[in-house]
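As structure tokens, the structure follows; a few thoughts come after it.
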Amino acid sequence: MSYCATRLEAQVGHFPADQVVSFKTTVQLGRRDASRARELIQRATIVKFHGSPKMHDAFSLRYGMRLRFDELLHGNPRPVLPMRELRQAWSG
């Protein structure tokens, strides 16, 4: 029996859309509008990982260096995403 078939949608709590952001989409937005990406990530309650990169890959040293290099190439002298804070929240 599927979730939708049992009509449980109304019984499940949902987060407002502005409190859930995609990691990948926010990284892409950061290339065009760093301040908007920072604002989205700061307001978010949930940062979702779907597709690529996977969460454990996003927190690897290699990905972090690549992301930081990409940010610098796009003229962002300070990091767009607070990777250290995200990693600490994920690690518990």
Side-chain angles (χ1 to χ4, degrees):
M1 197 182 262
S2 76
Y3 167 76
C4 292
T6 58
R7 305 275 184 214
L8 293 175
E9 298 97 5
Q11 297 177 22
V12 176
H14 295 278
F15 284 88
D18 65 335
Q19 290 183 6
V20 181
V21 297
S22 161
F23 178 83
K24 182 178 181 177
T25 303
T26 307
V27 167
Q28 292 169 348
L29 174 64
R31 292 180 185 138
R32 297 183 311 276
D33 189 352
S35 62
R36 177 80 176 122
R38 284 186 195 101
E39 178 186 327
L40 286 177
I41 206 82
Q42 291 300 322
R43 277 196 331 220
T45 303
I46 297 173
V47 177
K48 65 181 177 178
F49 288 80
H50 53 94
S52 180
K54 300 292 185 203
M55 192 182 310
H56 64 276
D57 294 330
F59 295 137
S60 72
L61 178 62
R62 181 178 181 196
Y63 184 84
M65 289 176 63
R66 192 181 96 201
L67 179 63
R68 188 66 195 116
F69 182 71
D70 192 46
E71 290 171 341
L72 290 169
L73 282 178
H74 285 89
N76 298 312
R78 62 182 250 242
V80 174
L81 299 177
M83 294 301 289
R84 184 177 294 143
E85 292 173 29
L86 291 173
R87 186 181 307 114
Q88 287 173 346
W90 180 54
S91 300

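Just so it is clear, the structure is predicted and the values come from calculations on it, not from any experiment.
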key: Inter- and intrachain pairs under side-chain hydrogen bond (donor to acceptor under 3.5 Å, both in side chains), touching residues 45-60, at least two apart   = Gln19-Thr45, Ser22-His50
request  = For Ile46, check side-chain contact (heavy atoms from CB on, under 4.5 Å) against everything at least two apart and list the hits.
outcome  = Phe15, Val20
ask   = Is Leu72 linked to Leu29 within one hydrophobic cluster, defined over Ile, Leu, Val, Met, Phe, Trp and Tyr using a side-chain heavy-atom separation of less than 4.5 Å?
value = no
Donor-acceptor pairs are to be reported for all side-chain atoms of residues 32-40 against protein atoms at under 3.5 Å, with residues two or more places apart or in another chain.
from: Arg32; atom 1: NH1; to: Gln28; atom 2: O; distance (Å): 3.4
from: Asp33; atom 1: OD1; to: Ser35; atom 2: OG; distance (Å): 3.1
from: Asp33; atom 1: OD1; to: Arg36; atom 2: N; distance (Å): 3.3
from: Arg36; atom 1: NH1; to: Glu39; atom 2: OE2; distance (Å): 3.2
from: Arg38; atom 1: NE; to: Pro79; atom 2: O; distance (Å): 3.3
from: Arg38; atom 1: NH2; to: Arg78; atom 2: O; distance (Å): 3.0
from: Glu39; atom 1: OE2; to: Arg43; atom 2: NH1; distance (Å): 3.1

Give every donor-acceptor pair under 3.5 Å between a side-chain atom in residues 80-88 and any protein atom, sequence neighbours left out.
none

query = According to the ring pair (Phe, Tyr, Trp, His ring centres under 6.0 Å) rule, which pairs have a member within residues 21-48, sequence neighbours left out?
reply = Phe23-Phe49
Salt bridge (Lys or Arg N to Asp or Glu O under 4.0 Å) contacts touching residues 60-77 (sequence neighbours left out) = Arg31-Asp70, Arg68-Glu71
key: Shared-cluster residues of Leu61, by chain and number - hydrophobic side chains joined below 4.5 Å   = Met65
